Amino acid sequence: MELRELLNEEQVQAVMHKEGPLLILAGAGSGKTRVITYRLAWLLSEHNVSPENILCVTFTNKAAQEMKSRARKVAGKKVDKVWMSTFHSFGVRVLRLHAELLGYDKNFTIYDQEDRERLLKECMHDAKVSDKEMKVYDCMRYIQDAKNSLITPAEYMNDYGTEYEKGMVARIYEIYEKRLKRNNSMDFDDLIWKPLDLFNNNPAVLEKYREQFQYIMIDEYQDINHAQYMLISMMASKYKNICVVGDDDQSIYRFRGADITNILNFEEDYPDAKVIRLERNYRSTQTILKAAHKVIQNNSDRKEKEMWTDNDKGEKIIFYYVDDEVMEGEAILNEIDKLMRLHGADLKDIAIFYRTNAQSRSIEDRLRRAGLPYKLVGGFSFYGRMEIKDMLSYMRIIANPRDVISFKRIVNVPPRGISDTTVEKVEQFAFQNDITLLEALGRTQETENIKPMVKQSCSQLHALLTGLAINRNNMKLRDLMAEILTGTGYISFWENDQNPKAKERIENVKELVSAVAEFEEEKKDATLEDFLSQVALISEVDKLDENADAVTLMTIHSAKGLEFDNVFIAGMDEKIFPHKNCIEEEGGIEEERRLAYVGITRARKRLYLLSAISRRQFGARTLGAISRFINEIPEEYLHHKGRPPAKQLDEKLSGAVHDMGIDAQPNYEATDAEPAVMQLEPGDKVSHIKMGEGIITKIEPYGDDYRITVMFKKNGRKELSAKYAGLAKI
DNA sequence: TACCTATCGGTTTTT
DNA sequence: CCGATAGGTA
Ligand SMILES: Nc1ncnc2c1ncn2[C@@H]1O[C@H](COP(=O)(O)OP(=O)(O)OP(=O)(O)O)[C@@H](O)[C@H]1O
């Protein structure tokens, strides 16, 4: 491998640094990820380090995969034996091996956000805290913060027991931890903390991993939390060959415990650390790079970086000021159209970012009507759907019969006459006899006050689940799924449902069956636990297929680490971005600004920022203001489009919109409807590539486009865009 | 026990 | 505006 052909001098230095702590602190697009990828390959191929002795931690599973496949091209198949994963996947891997030492079974369940809230609700009930006194969500945040900082329930009680709100949290927290353990379950935070406990209580195990991981590399180090920091420090303390890579300006996960001081203090933690700074940006145009730098310079407590690039100056950043969220979608669509026509852009090179998932909706609506394909990252995930979670709960119960949360979820789904009060009685019985809920379900004969019919229902479910639990190791996963479906009648349950969504639910369940089959195909001796862990830990970006020919829609958080030729950031409004909840918060604005910096620096060639005069929120229309981050970008880098800024109110009132002479100003371009070419009329017969033939019933103007209503022979009434639907007159 | 409707309130971001 | 949920009714 000839490093100098692939990397610049500083990058080469970083790659060749073999022993001792190394910090690569550098701005966006400077090739940090590229450096650790090649460093990994270099260690394997030039120094012949055994792959088992290397631990690589990335931020997403996808990043891990990518790094693996890049390194594989240089270092070959060895790479597959490197421990490469996210912190959470690493935790699971270690815990599945040593769970017994912590008093858990290997088959523990991983609770996601929803499970966690369900459990917490029970705990709040037991602690006699009503959800009027404290919101479940708030309580969860407190507990999550505590766990990320490694504060035990006892310590929490000690520190905050006398406070009103936190005192309640302390009581709930204690119950919550006990329940998790009793359920043989772990939440996301446990996946980091429990391995630490394991190491602390079992010096021999710690020694084994310390000895094993002679080389440790961590990407996105600015976003690790205290627990993760402790875990890594512990494992690295023997060889100290720890290479961390990050950018303090890109720390955007404080809400889940990320602590920027971890990266800022690295040199104190390892006084002999070598520090390498990368100052050349390979990603963006000069304009984008400079604008991003100007924005982030408004933060204090950061390490200043002098970035430069050899790339072209590029085009100005387009700032689009539009009337509302509908016009925002319209503007984006117009620009995408231009990108494709004028610059031959591929849809896969275009991304639309926003601060909150809810914002995707108006944009999606517009793209969908235009028939423009898009990939949505996040929002309602497949695995979050009710029917999918039901099926997964059945699987989880079979894997881990102590999982009370999953048990309660499915005990009466489909309805089988087992009501909440019955469940309470079964729970009581289980508690008295020190058996699991599932076992108790099989012994309802010994209880009173349950109707015979209901008892029979209980026994049936018990027989089904225990039967499958016993046989599950002799069964293929897909057969297990099939047994669950037939045994519970889950499909017919939805078939009998009148709701129009029921059909889709059945489709989703079928899709899950194929996902299971596919998983089994790929991993030959995959266990049920493997499948369930994978589902629990898969992130939204992991599922993204970057080669699919479609526009990408995602939050800026999800976009971290990615890059696109053309980037749109919608909702550059004060109170949206920066978000209203962050404005008052200590350090909130700075975190939002870092987020803005991350968003801007994803763009390679072109950047579009959009803001709206007013938006629909909770049904009502609310006026907004342009985000302060826009004002932090020097005028010289901006090209304005849409409504002229600042005067929006007068304009609205006077009704005068155009002819304000704004075109005369160099950076302004008053844009508005350039009507689309229109040769169609109501009554015309048309054909559509997917919908088939139909008759136009209505045409109405829509921005610079027209909205055409067509009655299709096969598919009924549909609304289409004149520009994009590609209707042909026949 | 199951299902329907009136009421309330609003999760920012994610493993 | 839309979804979750409590509370009443069949
Ligand atoms: N020496 C180099 N020669 C050519 N291209 C490079 C070089 N270094 C990095 N690049 C390219 O620059 C882009 C950014 O690199 P990379 O993603 O590694 O940066 P990063 O510092 O991790 O970015 P960020 O922190 O913004 O996620 C990539 O497309 C990468 O291939």
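Residue numbers begin at 1 in each chain, while the letters A, B, ... track the order of the sequences. Owing to the predicted nature of the structure, the values given are computational and were not obtained by experimental measurement.
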Enumerate all atom pairs, one protein N or O and one N or O from nucleotides 5-7 of chain B, separated by less than 3.5 Å.
none

Expected rows: protein N/O vs nucleotides 2-10 of chain C N/O, under 3.5 Å:
{"unit_1": "C:dT5", "atom_1": "OP1", "unit_2": "A:K121", "atom_2": "NZ", "d": "3.4"}

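Near-neighbour residues of DNA chain B inside residues 407-415 of chain A, defined by a heavy atom below 4.0 Å, number-ordered: A:N412, A:P415.
With sequence neighbours excluded, the residues forming a ring-ring contact (aromatic ring centres under 6.0 Å, His included) with A:F531 are A:F519, listed by chain and number. A:F493 is linked by a ring-ring contact (aromatic ring centres under 6.0 Å, His included) to A:Y490, counting only residues two or more places apart in sequence or in another chain. Partners of A:F59 by ring-ring contact (aromatic ring centres under 6.0 Å, His included), not counting sequence neighbours, listed by chain and number: A:Y253. A:L264 pairs by the side-chain contact (heavy atoms from CB on, under 4.5 Å) definition with A:D248, A:I260, A:K303, not counting sequence neighbours. Remark: A:Y229 pairs with no residue by the ring-ring contact (aromatic ring centres under 6.0 Å, His included) rule, at least two apart or across chains. Judged as a side chain to side chain donor-acceptor pair (under 3.5 Å), and not counting sequence neighbours, A:R361 has no contacts. For A:K543, the salt bridge (Lys or Arg N to Asp or Glu O under 4.0 Å) criterion is met by A:E540, not counting sequence neighbours.
The distance between the ring centers of A:F353 and A:H557 does not fall below 6.0 angstrom.
Between A:F568 and A:Y608, the ring planes are parallel. Angles under 30° get that label, and only those over 60° would be called perpendicular.
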For a quick test of your reading: what N or O donor-acceptor pairs under 3.5 Å do the side chains of residues 130-139 of chain A make, sequence neighbours left out?
{"unit_1": "A:S130", "atom_1": "OG", "unit_2": "A:K132", "atom_2": "N", "d": "3.2"}
{"unit_1": "A:S130", "atom_1": "OG", "unit_2": "A:E133", "atom_2": "N", "d": "3.3"}
{"unit_1": "A:E133", "atom_1": "OE1", "unit_2": "A:S130", "atom_2": "N", "d": "3.0"}

- Task: Any chance you could list the contact pattern along nucleotides 9-15 of chain B? Use B for base contacts, S for sugar-phosphate-only contacts and - for none, protein heavy atoms under 4.0 Å, 5' to 3'.
- Result: -BBBBBB
